[in-house]
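Hydrogens, waters and symmetry mates play no part in the numbers below; they use all other heavy atoms, side chains included. As the structure is a computational prediction, the values presented were derived from the model and not from experiment. Chain letters run A, B, ... following the sequence lines, proteins first and then strands; every chain starts at 1.
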Number of protein chains: 2
Amino acid sequence: MAGDCLEVLRGFPEQRVDLIVTSPPYADRRPGGISPDEYTEWFMARATQFARVLHPEGSFVLNIKENVINGERSTYVIELVLALRKAGWLWTEEYIWHKRNSMPGRWPNRLRDAWEHCYHFTLSRRFRMYQDAVRVPIGDWAERRMASLSEADMTRQSSRTGSGVAKRVANWAGRTTVLPTNVLHFATESHNRGHHSAFPEALPEFFIKLFTEPGHLVLDPFCGTGTTCVVADRLGRDSVGIDVDKAVRLRPLPRLR
Amino acid sequence: MAGDCLEVLRGFPEQRVDLIVTSPPYADRRPGGISPDEYTEWFMARATQFARVLHPEGSFVLNIKENVINGERSTYVIELVLALRKAGWLWTEEYIWHKRNSMPGRWPNRLRDAWEHCYHFTLSRRFRMYQDAVRVPIGDWAERRMASLSEADMTRQSSRTGSGVAKRVANWAGRTTVLPTNVLHFATESHNRGHHSAFPEALPEFFIKLFTEPGHLVLDPFCGTGTTCVVADRLGRDSVGIDVDKAVRLRPLPRLR
DNA sequence: AGCTCTTATGAATCATTGA
DNA sequence: GTCAATGATTCATAAGAGC
């Protein structure tokens with residue numbers, strides 16, 4: 001749906017959404033952007049609506065990263081976490097998205113930035129979670145793990161503990177799947193032309209599988225080009241995407257009120 | 001040196017330390033521990049001494065992770081970041097330590113925890129950093145790419161002058177290493193007896209290489225079994241370790257005052 | 001299909017230049 | 001003086017082309 005989610009969500013019924021997963025706009029001093037100073041206030045107004053439309057056992061996943069302002073990591077992200085908690089959200093967990101292919105570059109005071117936050121907030125301590133849905137086949141996991149760290153990484157930084165890998169392979173014998181950790185290794189997707197998606201499909205896919213079942217309703221209040229909705233649809237979930245520029249809804253939404 | 005670093009550091013001269021790298025005790029409600037509520041106050045008293053003994057162009061690396069209290073990630077860590085910044089420390093960067101082999105286990109409301117913060121604070125925007133000391137082997141993609149530099153590679157940066165081409169070729173010819181990112185993949189070391197493994201040697205090693213030169217002085221104010229000092233010694237740096245239980249200094253400290 | 005090789009580009013950051 | 005725009009730096013991935 002097109003518009004500011006602050007307004008659009010007012011027309012939504014309570015407790016109807018099972019999962020909110022989104023990557024909001026970053027703070028930005030430029031005209032048209034939200035300044036770091038007013039970011040928390042801006043976000044919390046919308047978070048009030050998020051809390052209203054979210055099911056009591058639902059989850060809210062916030063993908064964000066503090067950018068550098070005047071040589072420092074800005075603090076509006078952690079200030080937002082404190083504000084959300086003060087407003088009653090439970091800061092249940094923090095997942096790390098490790099971006100395997102991060103932007104290159106060299107600066108005198110920092111290395112390449114290769115990760116982003118994925119904060120997990122809930123409204124109650126008893127929330128829905130389907131861990132078995134994100135199990136990874138052992139072979140696949142091992143391969144992906146190897147690939148994600150790349151042979152280089154393995155040799156790079158584990159000369160001392162090189163035996164670790166082989167030892168673990170031995171431990172895997174007999175098992176077929178394992179649960180992943182709270183560190184997610186996904187490459188950013190670069191669609192060679194046209195619209196860039198904020199995050200790769202694998203990211204919303206992981207959280208949709210982890211926190212919803214087929215038929216549940218997924219909301220992305222800052223959906224951009226609609227990656228979250230595309231993934232939700234593919235996984236058999238209903239979805240609503242809201243963006244000031246664009247509207248995304250792939251399936252007719254059943255009995256929204 | 002044995003004792004509380006708050007007391008011990010009072011006897012230290014100003015600006016003598018080139019790098020502080022440490023993993024402080026976590027907040028803990030149990031008797032003898034620092035409670036989450038008073039953690040920031042407890043830490044900041046010591047951070048005042050850190051700022052006093054640290055060289056103006058030195059670095060302070062804080063390895064920490066918020067533990068779960070009553071089902072939520074506790075907030076004392078990010079409150080500490082805000083407090084440090086308020087006290088004048090610059091929050092320059094945040095590195096993520098990805099623990100390749102995290103503790104097994106399964107909980108109903110979260111996946112296995114496999115990462116920790118490594119906050120990087122400085123006293124000035126111009127600080128010492130030796131990036132070339134932490135270079136890692138290049139990924140295998142490079143060989144193919146080296147075979148023939150793409151046209152875009154050569155023209156992308158300076159379509160106008162054309163001089164960029166030669167510069168670029170020179171930069172890449174024969175390159176075998178690249179700079180790492182701010183995500184560090186180290187396995188935890190399990191010293192099979194007694195002591196809980198603080199951090200693996202690779203972790204302080206990375207930051208000691210990145211922020212100091214041989215002969216510099218490294219301080220770990222919560223040194224535990226002294227991993228930081230052992231690594232510093234191996235890398236040719238002087239070091240001082242302080243712990244309430246134990247004293248660690250491997251080399252005689254030259255002209256400490 | 002499967003493989004190799006080529007090419008574009010991604011929520012980046014800093015220093016410098018220009019308004 | 002501040003603030004905006006431009007240039008320089010650099011790595012990993014997937015799409016696409018070619019065989």
Side-chain angles (χ1 to χ4, degrees), chain A residues 22-35 62-74 76-77 97-118 144 147-153 156 185-203 222 224-225 227, chain B residues 92-94 125-127 129 131-132 135-173 175-183:
Chain A
T22 194
S23 186
Y26 291 2
D28 189 350
R29 285 192 203 283
R30 291 176 299 184
I34 306 109
S35 82
L62 178 64
N63 165 228
I64 198 167
K65 172 75 187 198
E66 45 269 276
N67 40 343
V68 173
I69 297 180
N70 196 16
E72 279 187 280
R73 288 286 165 195
S74 46
Y76 67 89
V77 171
W97 170 26
H98 167 39
K99 297 189 278 190
R100 300 201 322 250
N101 57 339
S102 54
M103 282 287 290
R106 175 172 184 162
W107 308 273
N109 50 359
R110 65 191 67 247
L111 299 175
R112 284 186 302 138
D113 188 15
W115 66 273
E116 296 190 7
H117 305 271
C118 293
R144 203 193 300 181
S148 66
L149 299 184
S150 79
E151 320 78 64
D153 261 331
R156 279 169 192 181
H185 307 275
F186 300 132
T188 59
E189 291 169 4
S190 57
H191 299 262
N192 277 348
R193 67 185 59 189
H195 279 289
H196 50 79
S197 52
F199 43 44
E201 293 194 2
L203 197 64
F222 309 100
T225 53
T227 302
Chain B
T92 297
E93 179 59 310
E94 180 177 351
R125 289 187 167 76
R126 308 278 311 196
F127 54 90
M129 191 176 198
Q131 303 191 4
D132 289 330
R135 282 182 169 276
V136 293
I138 199 168
D140 59 350
W141 56 270
E143 303 157 16
R144 290 171 298 171
R145 182 143 175 184
M146 283 304 105
S148 65
L149 292 170
S150 72
E151 196 166 325
D153 276 336
M154 295 187 287
T155 58
R156 184 159 145 187
Q157 61 181 9
S158 62
S159 56
R160 205 164 294 233
T161 64
S163 64
V165 176
K167 210 190 300 180
R168 180 169 184 75
V169 172
N171 280 351
W172 282 74
R175 174 169 297 189
T176 57
T177 59
V178 296
L179 293 174
T181 70
N182 59 1
V183 178

Donor + acceptor pair across side chains of A:Asp113, A:Ser102 (<3.5 Å): no
Whole angstrom value for the distance that separates P of D:dT13 from CG of A:Asn101: 6 Å
Atom-pair distance (CD on A:Glu72; C1' on C:dT13), nearest Å: 15 Å
Closest to the A:Pro104 side chain, choosing from C:dT13, C:dG10, D:dA12: C:dG10
Atom-pair distance (CE on A:Met103; P on D:dT13), nearest Å: 15 Å
Spacing of A:Asn70 atom CG relative to D:dT2 atom C1', expressed in whole Å: 13 Å
Donor-acceptor contact below 3.5 Å, side chain A:Tyr26 vs main chain A:Asn67: no
A:Val68 vs A:Ser102, nearer the 5' end of DNA chain C by closest nucleotide: A:Ser102
Distance, rounded to the nearest Å, where A:His98 contributes NE2 and C:dG10 contributes P: 20 Å
Nearest-angstrom distance, C1' atom, D:dG18 to C:dA1: 14 Å
A:Arg106 side-chain N/O to D:dC11 phosphate OP1/OP2 under 4.0 Å: no
Between C:dA12 (P) and A:Arg112 (CZ): distance, integer Å: 13 Å
Interatomic distance at C1', D:dA12 relative to C:dC14, whole Å: 22 Å
A:Arg73 side chain near C:dT13 phosphate (N/O to OP1/OP2, under 4.0 Å): yes
Sugar-phosphate, base or nothing in reach of A:Ile64, heavy atoms under 4.0 Å: nothing
Polar side-chain atom of A:Asn109 near backbone of B:Arg126 as donor-acceptor pair, under 3.5 Å: no
Sugar-phosphate, base or nothing in reach of B:Arg125, heavy atoms under 4.0 Å: nothing
Identity of whatever pairs with D:dT10 - Watson-Crick or G-U, under 3.5 angstrom: none
Which residue lies more 5' along DNA chain C, comparing A:Tyr26 with A:Pro108 via nearest heavy atoms: A:Tyr26
d(NZ, A:Lys65; C1', C:dA12) in whole Å: 11 Å
Test item: A:Trp115 side-chain N/O and B:Glu94 main-chain N/O as donor-acceptor pair under 3.5 Å: yes
Residue-phosphate contact under 4.0 Å: A:Asn109 side-chain N/O, C:dC14 OP1/OP2: yes
Closest non-hydrogen atom pair between A:Arg110 and A:Glu72, with its separation: NH2-N, 4.5 Å
Length of the line joining A:Arg100:CZ and D:dT10:P, which is rounded to integer Å: 23 Å
C:dA11 - base-pair partner by Watson-Crick or wobble geometry, distances under 3.5 Å: none
